[in-house]
There are 2 protein chains.
Amino acid sequence: MTHTPPPNPSIADVKQLIHSEARRVTSYDVASAAGVSQSAVSRCFKPGASVSKATYARVMQAATELDYTPNAAARSLITRRSNLIAVVLSDIVTLHYPQILSELSRQFGQQGMRVLLFSLAREGDIGATLADIWQHQVDGALLAATLSAPQAAEFERRRIPFVLFNRTLREGAVNAVVCDQVQGARLLVSRLAAAGHKRFAMIDGPHDSAVAQERKRGVAARLAELGLAAPLIVSGDYDYASGGRGLREIIAGLGGLPDAVMCGNDLMAIGCLDTARHELGLDVPGQLSVTGFDGMAPAGWLSYKLTTLRQPVQSMTLAASAMLTGLICSSGGCPERRVFSAAVVEGATARLGPGA
Amino acid sequence: MTHTPPPNPSIADVKQLIHSEARRVTSYDVASAAGVSQSAVSRCFKPGASVSKATYARVMQAATELDYTPNAAARSLITRRSNLIAVVLSDIVTLHYPQILSELSRQFGQQGMRVLLFSLAREGDIGATLADIWQHQVDGALLAATLSAPQAAEFERRRIPFVLFNRTLREGAVNAVVCDQVQGARLLVSRLAAAGHKRFAMIDGPHDSAVAQERKRGVAARLAELGLAAPLIVSGDYDYASGGRGLREIIAGLGGLPDAVMCGNDLMAIGCLDTARHELGLDVPGQLSVTGFDGMAPAGWLSYKLTTLRQPVQSMTLAASAMLTGLICSSGGCPERRVFSAAVVEGATARLGPGA
DNA sequence: TTGTAAGCGTTATCAC
DNA sequence: GTGATAACGCTTACAA
């Protein structure tokens, strides 16, 4: 019994050879089984290459029978395209996570790109992750995490296009898709003030969250403009428990109820609402108005009907993936920010006055 | 001005050369800047290789200044390890998505492996995705989606270890981490029956969901054992709206209220609960008991306190990632199933009798 | 249209 | 400990 392959091996011969050597199927195997050159095989897998119908058929037949699949690593080595997109999410995004990710995976998938996922423990933890991103030679990155200026610069230096999601750089222009948190916050304050609310309190998000900072800023600015007292601000962690804890802290701080509690996100608003109603026996919005931010699904559930600001997550996700694929294909152009507006969801947890 | 590099180029020389040629930094560049051979550079980036301290320092200095990062594609080509794990989720898993993904990303990350994400539109849609998985030569796969026997066989043939999450194959042994849905369902039925419930109804999950099938099976089997009437089963989509719709359908079908409505997951249970209380003005659990499945966070919120079965998602995720990394390192061994139990969360939406 | 051959950037093997 | 040199599996001129 010899292991030397016959000069014109059949598909079965090749199959057995591969099996006996316990290795993966390569384009050479397909070529030898189909009786063509290796480059012919390669061309058959490249859309729009020039191959005769007969050759194509023979190659595909062999490829199918041998379970051949091109090796992405080898391809990426020569083409300098990995077809990989790094998606970096800080755990805080948790709310829209599923929606964002499945949408991104779908969008990029349609362009033949795959999502390489990086999940950060904390908002600012991207540092250690960067090395991994470089190694995998991703074609682009979508970042929902805080990026420092030097880190952004390194993306530039390596010529890796990136888009920030709901984040911007303090200085320097970068591509970003954001929701105007400040505008939204101002709008909500206006509507609340128009309904006669005077004493405001706020449950703030984590200190390292850029989005939380903007929301807080918008609220404070609009209150000042309206000549109303600055809100009592307590801090929260964007989670359900923070909402209840925050409310108690506010009541203790004020020695009574404020007119409105504005929460940094829906999750805290729901926690605040539940504590107000079920633990403190308060009437919302009768005695107290409660508002959120985000417009996540549970906010619309019948038990809550939360008054909140909806971010157009779907549109933002779409815009971000489109922007990134655009950057990858036609590299160049100057940085662009696409700013979406948040819309007030009237709900039933706050008395609102007329819009501006 | 010449572009020929000097015989002993400085780091700055090399830097400029790379820049002028607009290419990525390779180990050759680092080698030439550090005045060593390319293989020396390679060794410096391989943990536990034999390099002298002096060489290591020189190489690292040059590497840092040049922003050199090894190319994962080239490495993967020669080592036959991509350090990539395919994680395939059907959209239905949406509930625990964030928790599962961030945990997996963390776990695999600690082993130096990255998560390549595939999000399926439907439970059974893995077919088209497989070709992508093969291309990227993943070292292993974690699948929370239905896999057919031939598909499983192809994983075997390609020697790619895989672990099913909350799924099993109808025939044939595979590695899997599951929660015993049947046992959980039976337990819950027992507790409900012990409290005197007689007429049961059920809002089922999607037909293509294996988990939903098992839950339904467990409920039906236990009811039969107890000599109770078979439940009225209406179908749902695992979403919030399905819960309310299902409840109405049940009431219409029975011409009145059942004693208990068991929902295929928490989301539908919450929808059912909201409709019962806020639209139909029913007293839950006074007039009607409602139960869920999963134990997702909102089930515990004060407005719901849902009676449900908690799946130990954290433990399951941990087990799955550990199992997969185990399979990758020490290939071989016979298929194993790790079965976790669901625990009853008593909540406040159903009257429960004593446990068995 | 097809085949030949030169890389892509690593790691691995082997002398030295 | 170090440096040649041969893979790894593919794409892509270029020649036929």
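The figures here come from the full heavy-atom set of this structure, side chains too, leaving out hydrogens, waters and symmetry mates. All chains are named by letter (A, B, ...) in the order of the sequence lines, taking the proteins before the strands, and each is independently numbered beginning at 1.
Looking at A:S90 and A:R122, their side chains never come closer than 4.5 Å, going by heavy atoms from C-beta outward. For the pair A:L84/B:L116, a side-chain contact is recorded, criterion being any heavy-atom separation below 4.5 Å from C-beta on. Contact of the A:F155 side chain with the A:L130 side chain is registered, since non-hydrogen atoms from C-beta on lie closer than 4.5 Å. Considering only heavy atoms from C-beta on, A:T325 comes within 4.5 Å of A:F108 through its side chain.
Screening residues 129-139 of chain B for salt bridge (Lys or Arg N to Asp or Glu O under 4.0 Å) gives A:R114-B:D132, B:R81-B:D139 as the qualifying pairs, with residues at least two apart or on separate chains.
Here the shortest heavy-atom pairing between B:V59 and B:A34 reads CA-CB, 4.0 Å.
Side-chain N/O atoms of A:E103 and A:Q99 include no donor and acceptor closer than 3.5 Å. Between the side chains of B:S52 and B:T55, at least one donor-acceptor pair of N or O atoms lies under 3.5 Å. For the 3.5 Å distance criterion, the side chains of A:Q107 and A:Q111 fail to qualify, holding no donor opposite an acceptor. A donor atom on one side chain and an acceptor atom on the other are found under 3.5 Å apart for B:S27 and B:Q38. Judged by distance alone, the side chains of A:R75 and A:S82 never bring a donor and an acceptor atom under 3.5 Å apart.
Direction of the helix axis in the helix from C:dT1-D:dA16 to C:dC16-D:dG1 shifts by 30° between the two five-pair termini, rounded to 10°.
Within residues 51-65 of chain B, the residues having any heavy atom under 4.0 Å from DNA chain D are, by residue number, B:V51, B:S52, B:T55.
Chain B approaches DNA chain D over the interval D:dG1 to D:dG9, counting the first and last nucleotide 5' to 3' with an atom under 4.0 Å from its heavy atoms.
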When you check every protein heavy atom under 4.0 Å of nucleotides 9-16 of chain C, what one-letter string (B, S, -) results, 5' to 3'? BBBB----
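Not a single side chain to side chain donor-acceptor pair (under 3.5 Å) links A:N175 to another residue, sequence neighbours left out.
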